[in-house]
There are 2 protein chains.
Amino acid sequence: MDSPDLVMAPERGRLKMADIARMAGVSISTVSRALAGNPLIPKALRDQIVEIAQTHGYVVNQSARSLRLRKTDTIGVIIPLAHEAGQTISDPFFLEIVGRLADEITRRDYLVLLNKVITTEPGWLDRIIQSHRADGLLIIGQSTQHEALNSVADTYRPMVVWGATMPGHRYCLAGSDNREGGRLAVSHLIARGRRRIAFLGEVDAPEAVQRFEGYRKGLDEAGVAFDPALVIPSHYTRGDAQRAVEGLLASGVQFDAVFAFSDVLALTALTTLQRAGKRVPEDVAVVGFDDILLAQHSTPPLTTIRVDLEAGARTMVDLLFRRMAGASSPSTISPVELVVRESA
Amino acid sequence: MDSPDLVMAPERGRLKMADIARMAGVSISTVSRALAGNPLIPKALRDQIVEIAQTHGYVVNQSARSLRLRKTDTIGVIIPLAHEAGQTISDPFFLEIVGRLADEITRRDYLVLLNKVITTEPGWLDRIIQSHRADGLLIIGQSTQHEALNSVADTYRPMVVWGATMPGHRYCLAGSDNREGGRLAVSHLIARGRRRIAFLGEVDAPEAVQRFEGYRKGLDEAGVAFDPALVIPSHYTRGDAQRAVEGLLASGVQFDAVFAFSDVLALTALTTLQRAGKRVPEDVAVVGFDDILLAQHSTPPLTTIRVDLEAGARTMVDLLFRRMAGASSPSTISPVELVVRESA
DNA sequence: GTGAAAGCGCTAACAG
DNA sequence: CTGTTAGCGCTTTCAC
C-alpha cells in the first residue's frame with residue numbers, strides 16, 4: 001500500500017553510522033573519518049558521505065561519542081542551594097549570571113548543563129564530577145561548601161568557583177571584592193549622615209561574611225560603634241527578608257539605614273519599609289549589592305554596589321577553558337563600584 | 001616513600017564498576033544491580049556494595065549508562081534565535097521562563113541542557129534530536145520555525161513548543177492567548193481616550209502576528225481606523241527598539257499611545273519617550289506584554305498583559321513528561337490578563 | 001586510503 | 001541469587 005514517495009522519504013528512525021556506511025558502500029571507519037572531516041579521506045568521498053548523512057538526517061550519537069572520547073562538549077553550571085532556604089533558580093541574581101555564562105559557553109560551541117544541587121547531601125560534588133556528564137564545572141557561589149570544594153580541587157582541575165576568597169582555598173576562584181563593597185556602602189551611608197545602619201542578610205556563606213566584614217570596617221573607619229541589635233539575619237528569599245524587616249520595625253530598635261547583602265533583599269526591604277509608612281531615603285536609606293537589572297528600576301532607584309557580571313562570567317569561562325586545556329589559572333577578584341542612585 | 005595513610009586515601013581517579021566489583025568480590029552485574037537498588041540482591045550485600053562505592057567516590061558513568069539505556073535523564077531547553085537579531089540568552093523574558101522551567105525539571109530529578117540555536121542553519125532541530133543528548137525537548141518560541149517543527153512532530157514525540165497556535169500545527173504547543181492579549185491592551189487604551197495607538201514590534205513570529213491581530217481587532221471593535229504609519233518594526237533588542245521609537249518621534253506622525261510586543265520593548269519605549277521630553281502616560285500611554293518582573297518596577301510602573309509564566313512552565317513540563325511516557329497530550333492555551341499600572 | 005577489530009563503561013537477557 | 005555474555009554506537013590503532 002505504501003506509495004513509492006513514502007518509501008523514498010528520509011528515514012527518521014534511529015540511524016547509526018553502520019547504516020550510512022552501507023548506503024555509501026564504505027566501512028564504518030571511513031564514515032567516522034569523513035564526518036570528522038579527516039583529510040585522510042579524499043575530499044570527494046568525504047563530501048559524498050556527508051551528503052548522504054545529511055539527506056537522511058543522520059547525526060552522531062553523543063552518548064556513544066562521549067563514552068569513547070571521554071569528553072562531552074558540555075559545561076556544567078552548578079547552583080548550590082541550601083535546602084532550607086527554599087531559593088529557586090528563578091532568583092534574579094542567579095538568572096542574570098546563568099544567562100551571561102550561557103552566552104559565553106555557547107559562543108565556544110559548548111552546551112550548558114544546568115544543575116541545581118542541595119548541598120546538605122554529602123558527596124554532591126563528587127557525584128557530579130564522577131558522573132562525567134560535563135568536561136568542566138562552574139560553581140555559582142560557595143555557599144557553605146568551602147571544604148567540599150577544597151577536597152576535590154587537588155584531583156579535579158576543570159572547575160571554577162564564583163564566590164569569595166577563603167584562607168587556604170585550593171580551587172580556582174573568581175569573584176568580586178565583597179569586603180571593599182561592604183565598606184564602600186557603609187562609608188557612603190555615613191557620609192550621608194546615617195549612624196544607625198542595619199545589616200540585612202545571613203552571615204553564613206563567605207561572600208556574606210566578607211560583606212559583613214566590610215560593613216564593620218566602614219563603621220570602624222568612621223568611629224561609629226557596632227550594635228549587634230542592628231544585624232538582621234535573613235535568608236535570600238523575599239518572604240524571609242520581608243519578615244526580617246518587619247521584625248526590626250516591630251522591635252523598636254532605632255535605625256536610619258539598611259545595607260542589604262543583595263539587591264533582592266534590598267528591594268524587598270525597600271517595599272516593606274514603604275508599606276510601613278517609612279520614606280526612602282528620607283527616613284531610612286537603603287543600599288544593596290550586585291546591581292541587578294531591577295535595581296535601576298525600583299522606586300526610588302536603588303543605590304548599590306555594582307558587580308560586573310558580564311565581565312565576571314567571561315572571566316569564569318576563560319579560566320575554565322584554560323584549565324580544561326591543562327594550563328593552570330589564577331584566581332581573580334574583580335573590583336566593585338558604588339552606584340549612587342536615589343535610595344541612599 | 002608513600003606513607004600508609006596516603007595509600008589508604010580514597011582513590012579519586014577514574015573508577016569503574018569493575019573496580020568496585022573486584023573490591024567487593026562480586027561480579028560487575030551484581031554491582032550494577034546493587035547500585036540500581038535491585039531487590040534481587042540481598043539487602044546486606046547491596047548495602048555493602050553501595051558503601052564501598054561511596055567511600056571510593058564511585059559514581060556510574062552517565063555516558064555509558066545513556067548509551068546502553070538509550071536515555072539521558074536530561075531535558076533539552078532550546079532557545080531559537082534569529083541570527084541577525086543579536087538577541088542573547090540574557091534577555092529578561094527568556095531568563096524568566098528558563099528559570100521556571102529549570103525549577104520544574106529539577107524537581108523531577110532531570111537535568112537541564114540549555115541550547116541556544118541559530119535557526120538560519122537548516123536542520124538545526126534534527127541535529128539536536130539525533131544527537132540523543134536529551135530525552136525530551138522544550139522549545140522556547142516558534143520563531144519562524146513552524147514548518148521545521150511540524151516536519152519532525154510526526155516522528156519525534158517528546159517535544160513541547162512554547163508559542164502561538166498556527167493553523168495545522170502538528171506539534172504539541174503551550175502558550176498564552178496572544179490575540180486576546182493584544183485586543184485587551186488596545187481596548188484599554190481606547191477606553192482611556194487614546195486613538196493614535198502605535199504598534200511596536202516585529203510582525204514575523206506567530207506570537208507577534210497574533211498580538212498584532214489583537215491590536216487590529218481592538219481598533220476595529222471601537223471603530224478606530226487602522227493607520228499603517230503607526231506600525232513600527234523593531235527587533236527584540238533594546239537598541240533596536242530605541243532607534244524605532246526615535247524614528248517615530250522624528251517622523252512627525254502623531255501618536256498618543258504605544259502598544260509594544262513585549263515588556264522589554266515597552267520599557268525601552270518608556271525611557272526613550274521620557275528622554276525625548278514626553279510624559280508617560282499624559283502625553284503617550286504605554287502598554288507592554290508578558291509582565292516580566294521589571295514591569296512592576298519601572299517608573300511609572302508598566303501597564304501590561306500578564307502571562308503566567310510559572311503556570312506556563314509547569315504546563316510545558318507536564319505535557320512533556322506525559323509525552324515522554326508515551327501518552328499524547330493536547331496543546332494548551334492559557335488565558336492572559338490585563339494588569340493596569342500607571343503607564344496607561 | 002581503507003577496513004577489521006578492540007574497547008570506552010555500562011545493563012540485562014540468559015543460563016545456571 | 002549470581003555470573004557470563006552480548007551488545008549500546010562510536011573512534012582509532014593497527015594492518016593491509
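Since the model is a prediction, treat every value here as computed from it, not as a measurement.
- Taking all atoms of both residues into account, the shortest heavy-atom contact from A:L111 to B:L114 is CD2-O, 4.1 Å.
- Out of C:dG9, D:dG3, D:dG9, the shortest distance to the side chain of B:R33 is found at D:dG3.
- Across the protein-nucleic acid pair, B:L67 atom CG and D:dT11 atom P stand 12 Å apart, rounded to whole Å.
- What separates NZ of A:K16 from P of D:dC8 is a distance of 5 Å, to the nearest Å.
- Comment: B:K116 engages A:D103 in a salt bridge, judged by a side-chain N to carboxylate O separation of less than 4.0 angstrom.
- In this structure, the CD1 atom of B:I28 is 17 Å from the P atom of C:dA13, given to the nearest Å.
- Of the two residues near DNA chain C, B:S29 and B:A64, the one whose nearest nucleotide lies more 5' is B:A64.
- For B:S27, the side-chain atoms get nearest to D:dG3 when compared with the rest of D:dC8, D:dC14, D:dG3.
- Atom NZ in B:K71 sits roughly 21 Å away from atom P in C:dG9 (whole-Å rounding).
- B:L45 comes within contact range of the sugar-phosphate backbone alone, with a heavy-atom separation under 4.0 Å but no base atom that close.
- The interatomic distance linking B:R14 (CZ) with C:dC10 (C1') rounds to 14 Å, in whole Å.
- Applying the 4.0 Å criterion to OP1 and OP2 of D:dT2, one finds that B:T30 has every side-chain N and O outside that range.
- The closest donor-acceptor contact from the side chain of A:N150 to the backbone of A:G168 lies under 3.5 Å.
- Between the base of C:dG9 and the side chain of A:R70 there is no donor-acceptor pair shorter than 3.5 Å.
- Rounded to an integer number of Å, the gap from CD1 of A:I20 to P of D:dT11 is 13 Å.
- One atom, CG of A:L69, and another, P of D:dG9, lie 17 Å apart when rounded to the nearest Å.
- Ion pairing between a basic and an acidic side chain is recognised when a charged N comes within 4.0 Å of a carboxylate O; B:E104 and B:R108 show such pairing.
- Backbone-only engagement by B:I41 is indicated by non-hydrogen atom pairs under 4.0 Å involving sugar-phosphate atoms exclusively.
- Applying the 4.0 Å criterion to OP1 and OP2 of D:dC10, one finds that A:Y58 has a side-chain N or O inside that range.
- Remark: side-chain polar atoms of A:R323 are paired, donor with acceptor, to backbone N or O of A:R157 under 3.5 angstrom.
- Each of C:dG3, D:dT11, C:dG9 was ranked by its minimum atom distance to the side chain of A:R68; first place goes to D:dT11.
- Distance from the side chain of A:M17 is smallest for D:dT11 among the nucleotides D:dT11, D:dT2, C:dA12.
- Distance B:R65 CZ to D:dG9 P: 17 Å, rounded to the nearest Å.
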